[in-house]
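In what follows, a structure is listed as structure tokens, so that the remarks can point back to it.
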2 protein chains.
Amino acid sequence: MAKRRRRGSQRVTMGEVARLADVSPSTVSLYLRRPDEVSPGRAEKIQAAIDRLGYLPNTMAGGLASSRSNVIGVLVPTITNSFFSETLETLERHLRSAGYQLLIGNTEFDDSREEELIRSILSWNPAGLVLTGFLHTRKSLSVLANNDTPIVEMWDYGQPGLDMVVGFSHHTCGRLVAEHMLRQGRRRMAFVSTNFQRDVRARDRYHGFRETVEAAGGTVKLRELSGRSHAEETGRLTRALMQDHPEIEAIACSNDMVALGVLCECQRQKWDIPGRIALAGFGNLDFTTSTVPPLTTIEPPRREIGRHTARLLLASLASELPEAEKRLDLGVRLVERESV
Amino acid sequence: MAKRRRRGSQRVTMGEVARLADVSPSTVSLYLRRPDEVSPGRAEKIQAAIDRLGYLPNTMAGGLASSRSNVIGVLVPTITNSFFSETLETLERHLRSAGYQLLIGNTEFDDSREEELIRSILSWNPAGLVLTGFLHTRKSLSVLANNDTPIVEMWDYGQPGLDMVVGFSHHTCGRLVAEHMLRQGRRRMAFVSTNFQRDVRARDRYHGFRETVEAAGGTVKLRELSGRSHAEETGRLTRALMQDHPEIEAIACSNDMVALGVLCECQRQKWDIPGRIALAGFGNLDFTTSTVPPLTTIEPPRREIGRHTARLLLASLASELPEAEKRLDLGVRLVERESV
DNA sequence: ATGAAAGCGCTAACAG
DNA sequence: CTGTTAGCGCTTTCAT
């Protein structure tokens, strides 16, 4: 049944629909875009022809002719991470219901890959572009400058940005955790983190943490994983950390997965949390409510970022976004549970 | 500097490059596609013009003219799930290096959304299509039948499929866990699962588990979450389960996140694992090595699915795939740790 | 090796 | 409300 025409792009064209419905192609086109501007009788015949032939419009032809597209490019460091993937999911939902298609690119925390992806996405003539963070290569910047596509930089806040910004301050996250631990009387602290090279935002959180702790007269030992959060390495690092610095009273982690690794190691070593040691994460992942003890963490506005990014993009596309509303700090919230 | 032409699709065209390089547009086109078929001198001038103007080819125009595209559509139930997202990441890497762009769609475990997405992706005239599983609406099937796009159905195995298949048997996963538990002398079992409606594959694992246990004279109590794995609900369900059926000696979970919830609840209730109760998950997520005790689980070939899906697609696109190699069972592996 | 010409399938004025 | 007429920016024969 299938496989009739090899290399057969779109099988049935608008022209064929038009012929079958006995109207002109432009009427079909109009019907597809603004159905109620076509007389009911013809509309019906056109729809019948479409169904009969199984017609699917050719997006490329449409895009070329109208010189605009319903594509929105989104670049994230990795989709293998519930932070970004939940943002993506929300973004997709909102944008799709407005008729847009996401073109998702994985930069793998690599600026030059981002550059390549920006080019590749721009060549689709996208209606909008969403990037993660403020860090882009000089070349990316110049490509972007030559382009009037609306851009949202998300998941970060605090720098001017290229166009629109939707995020929050990671520095503040670190500060909030530090303040909370200090309040509980802890002074000797450590920060266990995924690799800073991979994740610049983890570094910002670290800086916020360290500055706050030190300003209060405390100390911070840093332990950086070699890559993404890896459970075994986290355990090993934690063990070594506690051996080298048995005085440590609190550990802040760059994210909840790392914190889970630390927590398990503490269970294993019978270091009571929060008696012997306090522990905090970042992300408020689902499991943090159920660990023993439940994990104190930071709730980042993952889905809100998606929602507002979509909103700003759509407003910008409709030229309805005043300059003053182009930057949005969504803020974060400390979730106090029992581990600190 | 920026914002010159509003609604200005592509700023610089191939024609302008051609003019600046003093060649014809078709030579530029040729240079872009097969650089070594133009004379070195002109090639150089063309490249200079491209750089000078910051030319980016218009993908839509190219696609329309050649009536083929470098798009490959991928439909997954959710990207918010490391199973699919790792497959996606791998798939993307392999396909991108072959010059393809992924168009990713989220079906949200909803057949009719899948149908809509299939149409939407097909309208891009994609070079290939990747779907998750075998379950599609009748309409999706008929749209697909009218189309000669290569299709891979992934993450499942055991049915004929539409074209190519890359996956593994979820039924086998359930069986492997059951056999392992039976071997350890357990008979009274339970299966705690994410919602079957959302995840048909979890149901297959359950069936594999149940059939094997019952064939050996054991029993299986089923507890189904109302949605995706939710830590609090998992804890609640586990507590109730153990209260209603204190005789239970082993719990198999539909995935590792659920297992983590159960494990934490057991810690909380001081039910020794595996002494009082054995526990197994599915997924071999990173944290499973570090929990106390480490979690026995099933390793699904997440990244292999991505790799082989890319391989089959590419081979099929090059018409180099014999019928016999269109179906691939990647198998799974039981990872025995200390929780069973 | 290069260029001229003819579209790809659709949209967007415009005229009726 | 409907049809005619031009393209959108590129690729692809086919000559040269």
Side-chain angles (χ1 to χ4, degrees), chain A residues 5 7-47 49-50 53-71 99 122-127, chain B residues 5 7-47 49-50 53-71 99 122-127:
Chain A
R5 291 149 245 206
R7 161 131 334 295
S9 70
Q10 215 69 38
R11 290 142 310 293
V12 12
T13 69
M14 191 178 266
E16 301 177 46
V17 172
R19 203 170 318 127
L20 182 60
D22 205 33
V23 295
S24 79
S26 49
T27 304
V28 176
S29 172
L30 186 63
Y31 169 73
L32 254 19
R33 283 169 300 114
R34 282 170 271 140
D36 34 67
E37 288 184 25
V38 173
S39 65
R42 301 215 158 146
E44 206 169 314
K45 286 174 69 179
I46 293 172
Q47 186 56 58
I50 288 176
L53 298 174
Y55 170 70
L56 283 176
N58 182 325
T59 311
M60 304 233 203
L64 180 58
S66 64
S67 69
R68 77 186 111 102
S69 82
N70 70 335
V71 167
L122 248 25
S123 79
W124 282 95
N125 209 188
Chain B
R5 290 151 245 206
R7 162 136 325 300
S9 70
Q10 216 69 38
R11 291 142 311 295
V12 12
T13 69
M14 190 178 265
E16 302 176 46
V17 172
R19 205 171 316 127
L20 182 58
D22 205 34
V23 295
S24 79
S26 45
T27 305
V28 176
S29 174
L30 186 62
Y31 169 73
L32 255 19
R33 284 170 298 110
R34 282 171 271 138
D36 34 68
E37 288 185 25
V38 308
S39 62
R42 300 212 159 146
E44 206 169 313
K45 286 175 70 178
I46 293 173
Q47 186 57 56
I50 288 175
L53 298 174
Y55 170 71
L56 283 176
N58 182 325
T59 310
M60 304 233 206
L64 179 58
S66 64
S67 70
R68 77 185 108 106
S69 83
N70 69 335
V71 167
L122 247 25
S123 79
W124 283 95
N125 210 186

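A, B, ... follow the sequence lines: proteins, then strands. Residue 1 opens every chain.
Under the rule for a side chain to side chain donor-acceptor pair (under 3.5 Å), B:Arg19 has no partner lying at least two apart in sequence or in another chain. Under the side chain to side chain donor-acceptor pair (under 3.5 Å) criterion, B:Ser29 pairs with B:Arg33, not counting sequence neighbours. Residues satisfying the side-chain contact (heavy atoms from CB on, under 4.5 Å) test with A:Glu44, not counting sequence neighbours, are none. In this view, B:Ala49 and B:Val17, B:Leu20, B:Ala21 satisfy the side-chain contact (heavy atoms from CB on, under 4.5 Å) rule, not counting sequence neighbours. Residues passing the side-chain contact (heavy atoms from CB on, under 4.5 Å) test with B:Ala18, sequence neighbours excluded: B:Val23, B:Pro25, B:Val28. Residues passing the side-chain contact (heavy atoms from CB on, under 4.5 Å) test with A:Ser39 are A:Arg42, sequence neighbours excluded.
A donor-acceptor pair is defined here as one N or O able to donate and one able to accept, closer than 3.5 Å; such a pair exists between the side chain of B:Thr59 and the backbone of A:Ser123. A donor-acceptor distance shorter than 3.5 angstrom exists from the side chain of B:Ser69 to the backbone of B:Asn125, with no hydrogens or angles considered.
One interatomic measurement links the two molecules: CG of A:Leu56 to P of C:dC8, which rounds to 19 Å at whole-angstrom precision. Between the CD1 atom of B:Ile46 and the P atom of D:dC10 there is a distance of 13 Å, given to the nearest Å. The interatomic distance linking A:Leu64 (CG) with C:dG7 (P) rounds to 17 Å, in whole Å. We find that CD1 of A:Ile50 is positioned 10 Å from P of C:dC10, with the value rounded to whole Å. One can place CH2 of A:Trp124 at 14 Å from C1' of D:dG9, the figure rounded to the nearest angstrom. With rounding to whole Å, A:Glu16 atom CD is found 9 Å from C:dC10 atom P. Rounded to a whole Å, the NZ atom of A:Lys45 is 15 Å from the C1' atom of D:dC1. Between B:Tyr31 atom OH and D:dG9 atom P the separation is 22 Å, expressed in whole Å.
Listed pair A:Ser29 / C:dC10 fails the phosphate criterion, with no side-chain N or O lying under 4.0 Å from OP1 or OP2. Between B:Arg33 and D:dT12 there is a side-chain polar atom (N or O) within less than 4.0 angstrom of OP1 or OP2. Taking 4.0 angstrom as the limit, B:Arg34 places none of its side-chain polar atoms (N or O) nearer than this to OP1 or OP2 of D:dT11. Under 4.0 angstrom from either OP1 or OP2 of C:dC10 there lies at least one side-chain N or O belonging to A:Tyr55.
Separation of atoms OG1 (A:Thr27) and CG (A:Leu32) is listed at 11.5 Å; rounding is to 0.5 Å. Note: B:Trp124 CH2 to B:Asn70 CG = 10.5 Å, rounded to the nearest 0.5 Å. Between A:Met14 atom CE and A:Ile46 atom CD1 the span is 9.5 Å, to the nearest 0.5 Å.
A:Gln47 and A:Tyr31 share a side-chain donor-acceptor pair at under 3.5 Å.
Distances from the side chain of A:Asn58 to the nucleotides C:dA12, D:dT11, C:dG9 place C:dG9 closest. Listed nucleotides: C:dC10, D:dT11, D:dC10. Nearest to the side chain of B:Thr13: D:dC10.
Helix bend of the helix from C:dA1-D:dT16 to C:dG16-D:dC1: the angle between its two end axes, each built from five pairs, comes to 30° after rounding to 10°.
In this structure, A:Asp36 reaches the sugar-phosphate backbone alone: every heavy-atom distance under 4.0 Å involves primed, P, OP1 or OP2 atoms, never a base.
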Could you list all N or O pairs between the protein and nucleotides 2-5 of chain C that sit under 3.5 Å apart?
residue	atom	partner	partner atom	Å
C:dT2	OP1	B:Ser39	OG	2.5
C:dT2	OP1	B:Arg42	NE	3.4
C:dT2	OP1	B:Arg42	NH1	3.2
C:dT2	OP2	B:Ser39	N	2.8
C:dT2	O5'	B:Arg42	NH1	3.3
C:dT2	O3'	B:Arg42	NH1	3.0
C:dG3	OP2	B:Ser24	N	2.8
C:dG3	OP2	B:Ser24	OG	3.2
C:dG3	OP2	B:Thr27	OG1	2.6
C:dG3	N7	B:Ser26	OG	3.3
C:dA4	N6	B:Ser26	OG	3.3

Distances under 3.5 Å between protein N/O atoms and the N/O atoms of nucleotides 14-16 of chain D, please, pair by pair.
none

